[in-house]
Amino acid sequence: MNTHVAQSNLGAIDAAHHLHPFTDMKKLNAAGTRIIQRAEGVHVFDNHGKRYLDAFAGLWCVNIGYGRKEIADAVYRQMNELPYYNTFFGTTTEPTILLAEKITAHAGPHLNHVFFAGSGSEANDTWFRMARVYWKALGHPTKTTVISRKNGYHGSTVAGASLGGMKWMHEQGNLPIPGIAHINQPYWYAEGGDLSPAEFGLKIARELEEKIDELGEENVAAFVAEPIQGAGGVIVPPETYWPEIARICKERNILLVADEVICGFGRLGSWFGHQHYGIEPDLCPVAKGLSSGYLPIGGVLVSDRVADVMINEVGDFFHGFTYSGHPVCAAAALENLRIIEEEKLVERVRDDIGPYFAKAWGSLADHDMVGETVSVGLMAGLQLAKDKKTRQRYAKPDDIGTMVRNVCVENGVILRATGDRMLASPPLTITEEDVDLMVSTLRKGLDKIWAEAKD
Ligand SMILES: *Cc1c(COP(=O)(O)O)cnc(C)c1O
């Protein structure tokens with residue numbers, strides 16, 4: 001690629017013309033960007049030929065690993081046959097039809113419809129409107145407010161960022177929009193105080209009930225949460241949390257929305273996060289692992305309860321995207337799901353590599369700098385702590401996480417840091433040897449920064 005452009009010039013061109021997402025451009029332009037050129041399996045290679053173990057699967061999405069020729073072939077075939085057609089105004093395409101069928105075959109038995117979108121953010125915008133339309137059609141036009149969580153992540157569009165609970169995102173662009181209320185997250189390590197995790201999980205879940213009382217049940221449309229918060233730091237809720245949330249949503253008659261954008265498609269060792277936690281959400285935005293990132297596609301899984309109203313009461317839902325159900329993206333997603341099925345990757349995560357990973361990741365808990373390790377399937381978080389006995393955290397959490405992350409990347413393993421938590425989310429195809437390499441590289445990074453931070 002780019003044989004006509006000297007490799008040394010690419011960084012300068014990038015700095016001159018490209019504004020990166022979620023990036024301090026001044027700092028990046030000074031440091032220089034990393035250019036990823038090719039990838040194979042669980043590895044990516046930069047334009048200097050340096051190889052990295054991608055323990056983050058791109059951005060939580062390359063579930064089947066890189067370099068799958070079957071997907072390239074499926075996309076090529078579809079491109080030649082029909083590169084684009086829309087799903088508006090009474091038409092659709094074959095891959096779109098088959099994809100809707102295949103996704104719903106793996107979700108909870110009450111989830112039988114899909115509304116397609118181009119990304120996770122669009123999927124969140126979609127259900128946000130749909131939930132309000134649903135209640136209005138049932139004669140409850142005031143049920144419009146959505147309750148979500150501090151430090152949740154639901155994308156970067158206006159609705160997505162508003163639903164999310166990232167304060168620093170809200171501060172840019174006068175968010176959140178009206179009609180969204182945030183409650184606390186089930187982050188026991190940081191916010192649990194003297195309560196046991198089980199007690200804390202119940203307490204935080206019951207904030208939902210308190211918020212519903214405060215707003216008035218007749219004004220609340222839905223509650224949204226990720227089964228496990230991803231971007232917020234892989235916050236695994238205490239076991240008491242989800243059953244209590246499910247109880248409250250049911251008793252108070254508000255829609256339960258599980259944002260499955262990360263947890264869906266095998267990451268937790270189940271097809272979807274709602275299955276792992278045994279809950280029955282009414283709506284599930286999906287994206288990322290749906291196509292393993294090979295092409296952009298997202299959607300919302302819609303339960304029979306909501307679909308019935310959308311189909312029989314609402315009539316026309318004035319919503320959709322030019323690329324809703326894009327045939328080429330759908331073809332890529334179909335092939336991706338076929339591979340997940342054929343290679344039994346969900347079962348592999350549940351029975352085989354997941355338990356192996358849990359043990360390896362958990363072995364880091366003995367490190368002086370590690371407050372806690374958590375993982376479900378192949379989604380993992382590690383809390384950095386200044387004093388692990390008192391759960392004391394570093395004064396500048398972002399800096400300490402970034403320092404550990406940078407050492408790991410230098411040593412050839414891509415992990416992510418969110419504040420003072422280290423996150424891993426490797427392809428579901430990762431081998432035991434690569435899990436060991438990832439963990440030993442992270443341990444080396446912890447050793448180095450622990451020694452430096454003491455001084
Ligand atoms: C990534 C993510 C989104 C947003 O998806 P995009 O495709 O980046 O728009 C939404 N929800 C969750 C839980 C995510 O992790």
Side-chain angles (χ1 to χ4, degrees), residues 36-46 50-75 99 102-103 106 228 230 234 260-273 275-276 286-297 329 331-362 375-381 408-409 412-416 422-442:
I36 301 300
Q37 198 117 42
R38 61 188 187 87
E40 188 58 44
V42 297
H43 295 101
V44 298
F45 298 79
D46 70 17
K50 178 169 168 156
R51 190 178 88 148
Y52 303 86
L53 170 60
D54 183 8
F56 210 69
L59 267 180
W60 323 86
C61 57
V62 188
N63 287 9
I64 60 170
Y66 298 93
R68 297 293 195 137
K69 200 165 171 308
E70 307 97 299
I71 295 199
D73 290 343
V75 164
L99 182 60
K102 194 175 269 305
I103 296 171
H106 290 296
I228 294 174
V234 184
E260 297 271 11
V261 171
I262 291 175
C263 295
F265 307 104
R267 178 133 315 273
L268 305 187
S270 50
W271 271 92
F272 291 95
Q275 293 156 337
H276 177 80
V286 297
K288 295 195 170 113
L290 169 55
S291 64
S292 283
Y294 277 64
L295 281 176
I297 185 167
C329 302
L334 258 181
E335 188 61 16
N336 171 60
L337 299 185
R338 194 195 61 74
I339 290 172
I340 294 177
E341 288 171 356
E342 185 180 285
E343 299 183 6
K344 298 195 171 10
L345 293 179
V346 178
E347 294 81 355
R348 177 173 195 266
V349 173
R350 187 189 63 205
D351 302 330
D352 182 7
I353 196 68
Y356 186 88
F357 179 97
K359 214 166 156 203
W361 187 259
S375 73
V376 176
L378 291 183
M379 185 171 179
C408 293
V409 173
V413 173
I414 298 176
L415 291 162
R416 174 164 162 186
M422 306 304 303
L423 318 182
S425 166
L428 312 185
T429 52
I430 191 170
T431 62
E432 294 184 357
E433 295 73 47
D434 282 331
V435 169
D436 291 344
L437 177 70
M438 176 193 83
V439 168
S440 64
T441 304
L442 177 51

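Quick note: residue numbers are just sequence positions, from 1. No experiment lies behind these values; they were computed from the predicted model shown.
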[X] (side chain) donor-acceptor with [Y] (main chain) under 3.5 angstrom:
| X | Y | result |
| --- | --- | --- |
| Y294 | G67 | yes |
| W60 | G289 | no |
| R348 | L428 | yes |
| N63 | F265 | yes |

Taking all non-hydrogen atoms of both residues, which atom of [X] and which atom of [Y] are closest, and how far apart?
| X | Y | answer |
| --- | --- | --- |
| S375 | W361 | CB-CD1, 4.3 Å |
| P426 | A57 | C-CB, 3.9 Å |
| L378 | G354 | CD2-CA, 4.3 Å |
| H276 | L268 | ND1-O, 4.1 Å |
| L415 | A424 | CD2-CB, 3.7 Å |
| A55 | V413 | CB-CG1, 4.2 Å |

Let me confirm one number: the [atom1]-[atom2] distance from [X] to [Y], rounded to the nearest 0.5 Å.
| X | Y | atom1 | atom2 | result |
| --- | --- | --- | --- | --- |
| I36 | D54 | CD1 | CG | 8.5 Å |
| I414 | F56 | CD1 | CZ | 10.5 Å |
| I71 | S291 | CD1 | OG | 7.5 Å |
| I297 | S292 | CD1 | OG | 12.5 Å |
| R267 | I228 | CZ | CD1 | 10.5 Å |
| R416 | C408 | CZ | SG | 14.5 Å |

Any non-hydrogen side-chain atom of [X] less than 4.5 Å from a side-chain atom of [Y]?
| X | Y | answer |
| --- | --- | --- |
| Y356 | T431 | no |
| F357 | I430 | no |
| L345 | I64 | yes |
| L99 | L290 | yes |

Hey, can you tell me if H106 and W271 have their rings parallel, tilted or perpendicular (30° and 60° cut-offs)?
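Rings of H106 and W271: parallel, under 30°.
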Quick one: sort the F45 and H43 rings into parallel, tilted or perpendicular, breaks at 30° and 60°.
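F45 and H43: tilted rings.
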Before accepting this row, confirm whether a basic side-chain N of the pair E347/R350 lies closer than 4.0 Å to the acidic partner's carboxylate O.
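Judged by the 4.0 Å cut-off on N to carboxylate O distance, E347 and R350 do not form a salt bridge.
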Salt-bridged, E335 to R68, with N to O below 4.0 Å?
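Here E335 does not pair with R68 in a salt bridge, since their nearest N and O are not under 4.0 Å apart.
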Sort out for me which residue in L334, I340, I339 forms a side chain to side chain contact (heavy atoms under 4.5 Å, CB included) with N336.
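Exactly one option meets the side chain to side chain contact (heavy atoms under 4.5 Å, CB included) with N336, and it is I340.
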Can you tell me if NZ on K359 sees more than 12 non-hydrogen neighbours from other groups inside 6.0 Å?
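Result for NZ/K359: open.
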